[in-house]
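Everything below concerns the one structure shown next.
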Amino acid sequence: MNNFKNLRGTVDLLPDQLIKWQNVEKIILEQLFRASIKEIRTPILEMTELFTRGIGEGTDVVSKEMYTFLDRGERSCTLRPEGTASVARALIQNGILNKPPQKLWYMGPMFRYERPQAGRQRQFHQLGVEFVGFESLRSDVEIITLAWDILEKLGIKELNLEINTLGDNTDRSNFQKAFLEWLKVNTNSLDLDSQKRIDKNPLRILDTKNVQTKKLLENAPRLFDFLSEKSLKRYLNIKEQLKILKIPYVENFNLVRGLDYYTHTAFEITSGSLGSQATVCGGGRYDNLINQMGGTETPAIGFAIGLERLILLAGKEVEENRATDIYIVNKGLQAETLAMDLSRKLRNYDLIAELDLSGASFSKQFKKANKLKSKSIIVIGDDEAIKNEFIIRLFNNNNSENKEETISLDDHIKLGNWLDENLLLKRSSINK
RNA sequence: GCGGGCGUCGCCAAGUGGUUAAGGCAGUGGCUUGUGGCGCCGCUAUUCGGGGGUUCGAAUCCCCUCGCUCGCCCCA
């Protein structure tokens, strides 16, 4: 019992679970590929300041959830808690902002030091998409649509899309002024958490879960009323387009999102079947971030999907495993060598060909093939080795005698025909 | 950081103070050393998350501790 254990909040993904992961990833990557979005990979480790300045000191992520440590050179390093800041940094640093606008995606582990619970880990995985250099409201619409379509392609039902707008800088500071005044008057009626936020991050008070504060907020000034004509029009247009595209959404004026850098569009996709951590996708526009981080002013919008939550939601259809096509039963010195050689040839056919390495009795090897639900088997023993041939047989689970065929080891044409006829032309679509 | 629940084999579990810690699944060996299912027969926890205490006696009672889990805060 003194064995090593993984750290709290981290998990091992085992072969059986990874079938689902891989299927999900495959569907996602196809969708991204078709939308002509390119991958970017950035380090998992960054200097701490990237996040404190990029994400914002007042946010929960930065103030209490970061995995931060000093390296051997006494530099403060942080395991990335999200992907956007790193991508922005990489674009600035590599001079990519001078190039045409970029549509990018990334996928990988993120780290947040929190108490784990259902749908929440300390090391978790995100798929992120960032459109950098795009200002048009149609880029907002495409980002939202893309997120929606990915979830739909995975067969996930019962999703709720919530949207809101935060306006531009001017809108926001106008609102903030009025809001702060109102907050000062009402400080004593607010819950404790909200009181603490007045100085740090007043906007976050808007999405408090405290029931009393919520009620109180109904009489507070609304950000929506402070939108400039331009911002308002932008927002209305986005809603209009979503309607045309038949993407169902709900407006949520209190949707603010946790990170500082958002402007204009903010959105979130949730599912009731996830438990209390219901958000599977969150995103929005961040026109200020890149400038704030030292790059030329560049509008951008993006989203992130939590892969663990996605996996929880994805249905049975992505759990399907591809069974072994051919299990090669072999025994005897010469036979084993021939079998090894044959297995390599078979793999040129895009088949799953598994060579039995046990050297156990034929009976055992057959049982193994049966257990694996192998679609067919090949047998090479001493008898076959002498004649330079092998036996191949379809292998139904119900143990009815299946006809078998003997093929010479050199007869590639006969083998190819057999495989075509019995295995290759019967593929289901998901496992191609 | 704060609450609730839970910790008996790889997994699911019975056992709630008397001593050989059920059972099922999985694994493995055999019946059957050149042929699959089913079946049958073996094997697989000196030990109940860890430590201390109470007792003649503890998986069972008490204390501490660790871990897991769900929730709060917040987010993916």
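Throughout, protein chains are lettered first and strands after them, A, B, ... in sequence-line order, and every chain is numbered starting at 1.
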Checking base pairs now: Watson-Crick or wobble, both atom distances under 3.5 Å. What partners [N]?
| N | result |
| --- | --- |
| A45(B) | none |
| G67(B) | C6(B) |
| G1(B) | C72(B) |

Any donor-acceptor N/O pair under 3.5 Å between [N] base and [X] side chain:
| X | N | value |
| --- | --- | --- |
| E114(A) | A76(B) | yes |
| E65(A) | C74(B) | no |
| E384(A) | G34(B) | yes |
| R393(A) | U35(B) | yes |

Using a heavy-atom cut-off of under 4.0 Å over every strand shown, decide if [X] touches base, sugar-phosphate, or nothing.
| X | value |
| --- | --- |
| Q123(A) | nothing |
| G282(A) | sugar-phosphate |
| A278(A) | base |
| A118(A) | sugar-phosphate |
| R115(A) | base |
| G119(A) | base |

Exercise. Can you tell which of T165(A), N164(A), L203(A) makes a side chain to side chain contact (heavy atoms under 4.5 Å, CB included) with L223(A)?
Worked result: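 The residue from T165(A), N164(A), L203(A) that satisfies side chain to side chain contact (heavy atoms under 4.5 Å, CB included) with L223(A) turns out to be L203(A).
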
For this session: Tell me, please, which residues at least two apart from K20(A) pass side-chain hydrogen bond (donor to acceptor under 3.5 Å, both in side chains).
Result: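 K20(A): side-chain hydrogen bond (donor to acceptor under 3.5 Å, both in side chains) contacts with E319(A).
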
For this session: Could you tell me whether R222(A) sits above the aromatic face of F175(A), with NZ or CZ closer than 6.0 angstrom to the six-membered ring centre and within 45 degrees of the axis?
Result: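 No cation-pi geometry.
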
Pull out every protein N or O sitting under 3.5 Å from an N or O of nucleotides 24-31 of chain B, one pair per line with the distance.
from, atom 1, to, atom 2, distance (Å)
G27(B), OP1, K371(A), NZ, 3.4
G27(B), OP2, K371(A), NZ, 3.3
G30(B), OP2, K364(A), NZ, 3.4

